[in-house]
*Asks:* 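This is the structure, below, for whatever I ask next.
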Amino acid sequence: MPEVVAAPSNGDVEMTDAPPAAPAESTPEEVESETLYIQNLNEKIKVAVMKQTLTNLFKTYGDVLDVVAHSNIRMRGQAFVSFKSKDVARKALKEVKGFPLYSKPMQVTFAKTRSDAVVKVLEEDRFDEHKKERLEHKRKQRFDNPHAVKARAKRKAEKVDGAAPVPTTKRPNVLMPDEYLPPNKILFIQNLPEDVNKDQLTTLFAQYPNLYEVRLIPTKKDIAFVEYADEGSASVAKDALHNYKIDGETKIKVTFARK
DNA sequence: AGCACA
């Protein structure tokens, strides 16, 4: 379970001098929403963990009403994060866009449709109606699915041709906290007491299967690297030993190492 | 790439 974590940026507030005049040609001016649609999420991360992480990350901008994510083919790598207002969503979008969560820069836009959670809070009386409509719409989509898919693919293809190269490289404004690193068979141990030795650590980490090697850093006595045979084994040990009180008092920090 | 909410 990820811990509470620093916001991705220093929270600089920008004035919203909205330029409503000419919709930039290749930028089909997005309609704002209380909900953000996030893409390019690391698909190795289990959805429960991802949802928890997103909640923690986004609550620094305002109350998070809901986070929806699915692991099926069509929906994996994506999530919907709902706030109580568009203002909050807009601010969050600006600051979080391009932020590398679990090593993958998040792609953030406004969601196309209204979330149940938002309707529930903003217009509770219409909630049932909203849900009815939504499900109705879903039924229809399913029905004429094959056509829709083809038409969509075609439009996409055309669009790609004339489109300007997408500026995929947005430099993150902050360094990724350890907790957001993707799984790795190597663990990074921090906050070790000065006097631990290799044997102690080996004994500790060998409680969990497939330990491969423990490496101490001669010059930095409070950190170490612990390697397992595979990511799964490393992950088990990490979950078990993160915040473990190694000498009865100092909690060690165990995260995946950076690649 | 992919816009959901049992």
Side-chain angles (χ1 to χ4, degrees), chain A residues 26-55 57-59 62-86 88-90 92-94 96-170 182:
Chain A
S26 59
T27 317
E29 206 58 35
E30 239 177 339
V31 178
E32 296 194 345
S33 165
E34 295 83 2
T35 299
L36 299 180
Y37 173 55
I38 306 178
Q39 287 167 287
N40 198 40
L41 292 171
N42 191 332
E43 295 175 16
K44 287 183 183 171
I45 308 301
K46 291 190 289 293
V47 291
V49 174
M50 184 58 84
K51 283 165 89 170
Q52 184 53 232
T53 301
L54 288 170
T55 305
L57 182 69
F58 277 100
K59 75 178 170 204
D63 294 347
V64 174
L65 300 184
D66 197 15
V67 176
V68 173
H70 297 281
S71 55
N72 60 54
I73 312 288
R74 183 154 158 256
M75 289 299 132
R76 63 183 44 167
Q78 302 150 75
F80 298 83
V81 179
S82 299
F83 298 97
K84 281 187 296 194
S85 78
K86 294 181 183 173
V88 174
R90 190 189 312 117
L93 181 147
K94 277 189 189 160
V96 152
K97 185 156 69 176
F99 182 66
L101 184 67
Y102 296 113
S103 293
K104 300 198 68 186
M106 283 186 279
Q107 212 166 288
V108 191
T109 53
F110 292 105
K112 234 175 245 177
T113 60
R114 218 128 197 252
S115 303
D116 288 356
V118 169
V119 175
K120 183 97 182 179
V121 168
L122 264 46
E123 32 185 1
E124 171 142 35
D125 42 323
R126 292 227 287 220
F127 182 72
D128 291 338
E129 182 189 353
H130 165 84
K131 204 150 183 175
K132 279 268 148 51
E133 284 175 4
R134 185 164 74 64
L135 295 175
E136 181 64 20
H137 183 261
K138 196 172 178 177
R139 252 186 4 92
K140 277 185 181 159
Q141 290 294 92
R142 266 187 213 286
F143 189 67
D144 46 45
N145 195 12
H147 306 281
V149 168
K150 268 187 192 165
R152 195 179 275 195
K154 194 168 161 190
R155 270 187 293 160
K156 256 280 153 50
E158 285 164 5
K159 203 156 201 178
V160 168
D161 280 341
V166 182
T168 46
T169 33
K170 164 101 156 72

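Each chain gets a letter, A, B and so on, in the order the sequences are listed, and its residues count up from 1.
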*Asks:* What I want to find out is whether A:Arg90 reaches A:Glu32 closely enough, with some N-O distance under 4.0 Å, to be called a salt bridge.
*Replies:* yes
*Asks:* To the nearest angstrom, how far is A:Leu54 atom CG from B:dA4 atom C1'?
*Replies:* 14 Å
*Asks:* With a cut-off of 6.0 Å (strictly less than), are more than 12 heavy atoms of other residues, nucleotides or ligands near CD of A:Glu124?
*Replies:* no
*Asks:* Over how many whole Å does the gap from A:Gln39 atom CD to B:dA4 atom P extend?
*Replies:* 12 Å
*Asks:* Would you mind reporting whether A:Glu34 and A:Leu122 have side-chain heavy atoms less than 4.5 Å apart?
*Replies:* yes
*Asks:* At under 4.0 Å between heavy atoms, what does A:Leu135 touch on the DNA or RNA strands: base, sugar-phosphate, or nothing?
*Replies:* nothing
*Asks:* Could you give the CD-to-P distance, from A:Glu133 to B:dA6, as a whole number of Å?
*Replies:* 17 Å
*Asks:* Find the distance A:Met75:CE to B:dA1:P and express it as a whole number of Å.
*Replies:* 14 Å
*Asks:* Any Lys/Arg nitrogen of A:Asp116 or A:Arg134 sitting under 4.0 Å from an Asp/Glu carboxylate oxygen of the other?
*Replies:* yes
*Asks:* Can you find an N or O donor on one side and an acceptor on the other, under 3.5 Å apart, linking the side chain of A:Ser115 with the base of B:dA4?
*Replies:* yes
*Asks:* Take atom CD of A:Glu129 and atom C1' of B:dC5, then tell me their distance rounded to the nearest Å.
*Replies:* 17 Å
*Asks:* Taking only side-chain nitrogens and oxygens of A:Lys138, does any of them come within less than 4.0 Å of OP1 or OP2 of B:dC5?
*Replies:* yes
*Asks:* Please give, in whole Å, the distance from B:dA6 P to A:Arg134 CZ?
*Replies:* 7 Å
*Asks:* Just call it for A:Phe110: base, sugar-phosphate, or nothing, with non-hydrogen atoms closer than 4.0 Å on any strand.
*Replies:* base
*Asks:* Whole-Å distance between B:dC5 P and A:His137 NE2?
*Replies:* 13 Å
*Asks:* From the list B:dA4, B:dC3, B:dA6, which nucleotide is the closest neighbour of the side chain of A:Thr35?
*Replies:* B:dA4
*Asks:* If we require ring centres under 5.5 Å and near-parallel planes under 30°, does A:Phe80 stack on B:dC3?
*Replies:* no
*Asks:* Less than 4.0 angstrom from a charged side-chain N to a carboxylate O is my criterion; do A:Glu133 and A:Arg114 meet it?
*Replies:* no
*Asks:* Nearest-Å distance, CD (A:Glu43) to P (B:dA1)?
*Replies:* 11 Å
*Asks:* Within less than 4.0 Å of OP1 or OP2 of B:dA4, is there a side-chain N or O belonging to A:Arg74?
*Replies:* yes
